[in-house]
Amino acid sequence: MRKVITSLEEVVKQIQDGSSIVVGGFGLCGIPEHLIMKLQEQGTKDLTIYSNNCGVDEWGLGLLLQNKQIKKMVASYVGENKLFEKQFLNGELEVELVPQGTLAERLRAGGAGIPAFYTSTGVGTEVATGKEHKEFNGKTFIMEEGIVADYAFVKAWKADPFGNLVYRKTARNFNPVVATAGKITIAEVEELVGIGEIEPDEIHTPGVYVQHVFAGKDYEKRIERLTTSKKA
Amino acid sequence: MSNGRDKILSRAVKEIEDGMCVNLGIGMPTLIADMIPADVNVMLQSENGLLGIGSYPDADDVDPDLINAGKETVTAKSGASFFDSAESFAMIRGGHIDLAILGGMEVSESGDLANWMIPGKMIKGMGGAMDLVQGAKKIVVIMDHVNKHGESKVKKNCTLPLTGEAVVHILITDMAVFEFTEQGMKLIELQDGVTLEELRNATEATFIVPEQLQ
């Protein structure tokens with residue numbers, strides 16, 4: 001099976017209206033820039049998106065909001081985006097807020113074939129409403145379900161033609177669990193290297209999870225809050 | 001006001017002990033990082049996948065792939081590690097983080113915390129706060145004692161949606177420090193210049209006053 005693709009066009013074209021997509025990244029760090037832009041270009045609609053955040057107004061998943069392509073957003077924090085607020089208040093956008101650790105674990109579980117698990121996160125809060133409660137060792141937990149989506153959009157630093165992936169610094173964030181939770185996983189990377197060029201010990205995501213690999217150019221890597229030391 | 005904030009921060013930094021792994025919440029708690037004494041060696045954790053946050057980078061060392069949970073550019077200190085979000089919350093939920101210091105909107109006398117949502121205002125989301133309050137070994141909340149209308153934020157019951165139920169161990173405000181015990185909420189320190197009577201007048205919650213503070 002040939003995994004390396006030289007254009008995202010054909011793969012993204014196959015994504016139908018109404019699909020669910022899990023998207024890696026934390027804020028604007030480690031987001032699959034090219035996949036998001038290609039999806040915006042395609043105009044695919046009624047999407048359910050699972051991602052920790054929803055970008056900012058002009059960048060990242062915010063681009064899909066601009067285009068009104070998202071029907072439902074599942075995220076832990078969406079406070080950086082005015083468009084989000086507007087569409088939510090207009091009733092154009094459905095929102096499910098999930099605690100960050102629960103979101104990560106739901107993706108991990110989904111990708112690992114675990115349909116549900118128990119966690120104490122959210123017990124006694126709105127998050128627990130309507131969920132099964134169970135006691136273990138005298139402590140209360142709620143049941144949360146694993147997530148498997150139609151597609152997974154991943155950003156990595158390096159890949160080989162088998163789809164083995166290496167991430168860089170905190171741009172790793174949700175990407176490794178996202179990679180496991182898609183029926184079809186598309187990884188875009190900064191550098192494509194030859195098979196065998198990545199030490200087996202260094203691989204973060206084994207290629208088995210990845211169906212398509214694309215080497216992107218000219219990554220913008222926008223910074224949300226540029227903070228530097230106050231040296232004189 | 002800024003004087004009050006200084007009191008809160010300088011008291012909060014005393015909760016940090018040598019050798020701890022600590023998570024500092026976004027906003028006011030993040031400011032504590034710079035106040036940790038040089039001889040207190042700690043690993044600061046960031047939910048997005050870094051244990052061992054360093055100082056902010058010099059302008060020419062900024063790396064968009066290296067940020068903290070507040071989305072600020074940071075550095076990694078010597079001995080730091082990177083990991084994915086599931087691993088990050090395994091650390092948190094699994095009780096491996098010694099201490100989390102978080103901001104608060106309301107704290108109740110039973111140790112409930114509300115700090116993520118004000119109904120009627122735009123929802124932003126809880127981020128990692130609900131996981132942290134359940135998982136970290138010790139939860140310290142720092143906040144102003146009263147809101148801008150002079151109303152107590154230290155309540156009998158929280159009126160805002162909860163982040164966690166009976167999760168707070170220590171509450172540090174600009175007026176006092178409280179500990180949450182089996183017997184209830186207990187005053188352990190008055191901030192400089194605050195009398196017990198002033199504290200009582202500014203506090204809706206019922207609290208235990210130990211003999212030495214009466």
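Please read these numbers as outputs of a predicted model, since none were measured by experiment. Residue numbers start from 1 in every chain, and the chains themselves are labelled A, B, ... in the order their sequence lines are given, proteins ahead of strands. The basis for the numbers below is simple: all heavy atoms, side chains too, and nothing from hydrogens, waters or symmetry mates.
Atom CZ of B:Phe89 is separated from atom CD of A:Gln100 by 3.5 Å, given to the nearest 0.5 angstrom. For the atom pair OH (A:Tyr77) and NZ (B:Lys71), the distance works out to 6.5 Å, reported to the nearest 0.5 Å. For the atom pair OG1 (A:Thr102) and CG (B:Asp131), the distance works out to 5.0 Å, reported to the nearest 0.5 Å.
Heavy atoms of A:Ile223 lying under 4.5 Å from chain B belong exclusively to its side chain. For B:Ile92, no part lies under 4.5 angstrom from a heavy atom of chain A. Contact of B:Ala69 with chain A is made through backbone and side chain together, with heavy-atom distances under 4.5 Å. Heavy-atom distances place the backbone of A:Val98, and not its side chain, under 4.5 Å from chain B. Only the backbone of B:Asn68 comes within contact range of chain A, with heavy atoms under 4.5 Å apart.
By the neighbour-count criterion of 12 heavy atoms within 6.0 Å, atom CG of B:Asp192 is sparsely surrounded, having that number or fewer from other residues, nucleotides or ligands.
Of the listed residues B:Val74, B:Thr73, B:Leu50, B:Val133, the one with more heavy-atom pairs under 4.5 angstrom with chain A than any other is B:Thr73. When B:Glu165, B:Glu87, B:Arg93 are compared by the number of non-hydrogen pairs under 4.5 Å with chain A, B:Arg93 comes out ahead. Of the residues considered (B:Gly128, B:Gly135, B:Ala129), B:Gly128 shows the highest number of contacts with chain A, using heavy-atom pairs under 4.5 Å. Among A:Glu126, A:Glu80, A:Arg108, the residue making the largest number of heavy-atom pairs under 4.5 Å with chain B is A:Glu126. With respect to chain A, the highest number of heavy-atom pairs below 4.5 Å among B:Gly127, B:Gly49, B:Ala166, B:Pro64 belongs to B:Gly127.
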> Where do B:Ser85 and A:Asn173 land on the side-chain hydrogen bond (donor to acceptor under 3.5 Å, both in side chains) test, with the steps shown first?
Replying inline: CA-CA 5 Å; B:Ser85 300; A:Asn173 57 61; 5.2 Å; no
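In this structure, the side chain of A:Thr125 does not engage the main chain of B:Thr163 through any donor-acceptor pair within 3.5 Å. Under the 3.5 Å distance criterion, the side-chain polar atoms of A:Thr170 are matched with a main-chain donor or acceptor of B:Ile67.
Tested against B:Asp65 for a salt bridge (charged side-chain N to carboxylate O under 4.0 Å, His left out), the candidates A:Arg222, A:Lys169, A:Arg172, A:Lys221 yield a single pass: A:Lys221.
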